[in-house]
Number of protein chains: 2
Amino acid sequence: MNPLYRYFQEQLHLPAEEAAALLRFWQKPRSLRRGDFLTRKGQVEQHLYYIQEGTLIIFYDIEENEQVVGFGYTDTMILSVPSFIRNRPSDYYLQALGPTELLGITRTDFYRLLEHYPRLESAWRRMVEEALLGRIEREIDLLTVSPRERIQRLLNRSPHIFQLIPNKYIASYLRMTPETLSRNMR
Amino acid sequence: MNPLYRYFQEQLHLPAEEAAALLRFWQKPRSLRRGDFLTRKGQVEQHLYYIQEGTLIIFYDIEENEQVVGFGYTDTMILSVPSFIRNRPSDYYLQALGPTELLGITRTDFYRLLEHYPRLESAWRRMVEEALLGRIEREIDLLTVSPRERIQRLLNRSPHIFQLIPNKYIASYLRMTPETLSRNMR
DNA sequence: GGAAATCCTTGATCCGGATCAAGATTCTGG
DNA sequence: CCAGAATCTTGATCCGGATCAAGGATTTCC
């Protein structure tokens, strides 16, 4: 069965007909290779993407360094949220870590659909609420002083991350160096 | 003019009749004195509050210490967001820093109103979106390494905070000790 | 399959923010 | 207005995570 269709039903709780109707708007398939950028700083995010297969990182650059702020992986949505919502240039880069297949819907189409499909609108509101709650959780992680505890919290909440993403990106995400992560993982 | 009415119009962009109709649901006035708790850890947040006058801090306790995660001040809304959205016990404390006057609407009333007033629903979605964008900004602040820069970012974004809130709470909010804040403010 | 790039680990050193302490200042509430 | 509490400042010391460095292990992709 179409995995995006299943995502609509199981993750967004959309009824079958609505899920089917929405499917045809998710087009514009994109393929990325390791290192390719899905979105770059300065671009206005014009799509909401569904990841059919692959992993990506979201990062911004701060004084020569890249600071990772999130990940995307198979069967989730990914986008530069602030850029998409505000329709302004993104501060973030979205970069593929390996071969990646995506389906996208354009910003314009998406906002048009929101008006026609009330269930989609409430689904979107739930997504935004969940994203907010996720950030609040993450805030507590970032405020935790001890590196060891920060690692532990992520291990508890998202153990699969450690299977999917090279440690150096996880270290950045956890506000520590790869060395510190390595020393506190065993 | 009623400041809450003005808030509805100017901040939430609600039309005049709708703003007027909503006014009567914001009742249950509460008065707090310095140190009083509006909400405590473990309580389920039953209200959305409008601050008529006063300042509050939002914090949670982590190993004997209190970690400040936000502030509330005159003419803004305040609540324990995760508790209100999820209808679950709050991890946060909301505490008044001085004499404070609030108006509240109950969670039940509020969600009922969302169904009857589409403009309120979209206003709420905007509030959630804005809260999310605010958290994303805050994440960048927290990931900034240098204490001096973290202070600077807050000074740029919310200079009024420094007039309203004692420095020790600001220091906690900025993930540093009061000593470090003091040493880097001049 | 194999060379090259990337990533991970371990060790040694350094430094900036936390901690501890004490005094000065400001705020609070009766 | 005044006493006591809370807050802010400044100084001295300490410590844990960053940095620098190098070798080993994996992964990538022609």
Side-chain angles (χ1 to χ4, degrees), chain A residues 31-37 53-57 59 62-68 71 73 95-101 141-155 161-186, chain B residues 31-37 53-57 59 62-68 71 73 95-101 141-155 161-186:
Chain A
S31 294
L32 302 175
R33 289 179 306 178
R34 172 187 164 79
D36 287 348
F37 288 94
E53 182 67 44
T55 51
L56 302 96
I57 55 171
F59 68 92
I62 178 167
E63 295 158 14
E64 317 288 292
N65 293 315
E66 57 185 48
Q67 172 62 57
V68 176
F71 308 107
Y73 35 86
Q95 186 179 31
L97 295 182
T100 297
E101 299 294 332
D141 293 355
L142 285 177
L143 286 167
T144 299
V145 176
S146 143
R148 181 154 241 141
E149 282 178 52
R150 296 206 295 280
I151 296 167
Q152 206 52 56
R153 293 181 63 96
L154 186 60
L155 271 170
I161 295 279
F162 291 84
Q163 315 310 321
L164 293 171
I165 313 276
N167 283 354
K168 60 176 243 182
Y169 301 115
I170 297 180
S172 169
Y173 180 74
L174 288 176
R175 185 169 59 83
M176 69 186 69
T177 60
E179 290 92 332
T180 298
L181 179 60
S182 171
R183 284 189 241 267
N184 288 282
M185 284 268 305
R186 183 180 354 85
Chain B
S31 295
L32 301 175
R33 288 178 304 177
R34 173 186 163 77
D36 288 349
F37 287 94
E53 181 66 45
T55 51
L56 300 97
I57 55 171
F59 68 92
I62 179 167
E63 296 158 13
E64 317 288 293
N65 293 316
E66 57 185 47
Q67 172 61 58
V68 175
F71 308 106
Y73 36 87
Q95 186 179 31
L97 294 182
T100 297
E101 300 294 330
D141 293 354
L142 285 176
L143 285 167
T144 300
V145 175
S146 141
R148 180 155 242 140
E149 282 178 50
R150 295 205 296 280
I151 296 168
Q152 206 53 55
R153 292 180 64 95
L154 186 60
L155 271 171
I161 295 279
F162 290 84
Q163 315 310 323
L164 294 171
I165 312 277
N167 284 353
K168 60 176 245 183
Y169 301 115
I170 297 180
S172 169
Y173 180 75
L174 288 176
R175 186 169 59 81
M176 69 187 67
T177 60
E179 290 92 331
T180 298
L181 179 59
S182 171
R183 283 189 241 268
N184 288 281
M185 284 267 306
R186 180 183 356 82

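The sequence lines fix the lettering, A, B, ..., with proteins before strands; numbering per chain opens at 1. Values below: all heavy atoms of this structure, side chains included; hydrogens, waters and symmetry mates excluded.
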Judged by modelled atom types alone, do Ser31(A) and Glu101(A) share a side-chain donor-acceptor pair under 3.5 Å? yes

Apply side chain to side chain contact (heavy atoms under 4.5 Å, CB included) to Leu97(A) and Phe71(A), showing your working. CA-CA 10 Å; Leu97(A) 295 182; Phe71(A) 308 107; 5.6 Å; no

Rounded P spacing from dT28(C) to dT9(D) in Å: 16 Å

Nearest whole angstrom, please: distance from the [atom2] of [N] to the [atom1] of [X].
X         : N       : atom1 : atom2 : value
Ile170(B) : dC8(D)  : CD1   : P     : 8 Å
Glu179(B) : dA24(C) : CD    : P     : 17 Å
Met176(A) : dC8(C)  : CE    : P     : 14 Å
Asn167(A) : dT26(D) : CG    : C1'   : 12 Å
Tyr169(A) : dC8(C)  : OH    : C1'   : 13 Å
Leu181(B) : dG16(C) : CG    : C1'   : 16 Å
Arg186(A) : dG11(C) : CZ    : C1'   : 13 Å
Asn184(B) : dG16(C) : CG    : P     : 12 Å

Could one point to a donor on the side chain of Arg183(A) or the base of dT19(D) with an acceptor on the other under 3.5 Å away? yes

Let's test your reading of the model: under 3.5 Å, does the base of dG16(C) pair with the side chain of Arg148(B) as donor and acceptor? no

Look up atom CG in Leu143(B) and atom CG in Leu174(A), then write down how far apart they are to the nearest 0.5 Å. 10.0 Å

Spacing of CZ belonging to Arg153(A) relative to CG belonging to Leu142(A), to within rounding of 0.5 Å: 10.0 Å

Closest-nucleotide 5' rank along DNA chain C - winner of Arg150(B) and Arg34(B): Arg150(B)

Map Ser182(A) and Arg33(B) onto DNA chain C by nearest heavy atom, then report which one ends up closer to the 5' terminus. Ser182(A)

Give a yes/no answer on whether the side chain of Thr177(B) brings an N or O atom under 4.0 Å of OP1 or OP2 in dA18(C). yes

Hey, mind stepping through Leu56(B) and Gln95(B) against side chain to side chain contact (heavy atoms under 4.5 Å, CB included) and telling me if it holds? CA-CA 5 Å; Leu56(B) 300 97; Gln95(B) 186 179 31; over 6 Å; no

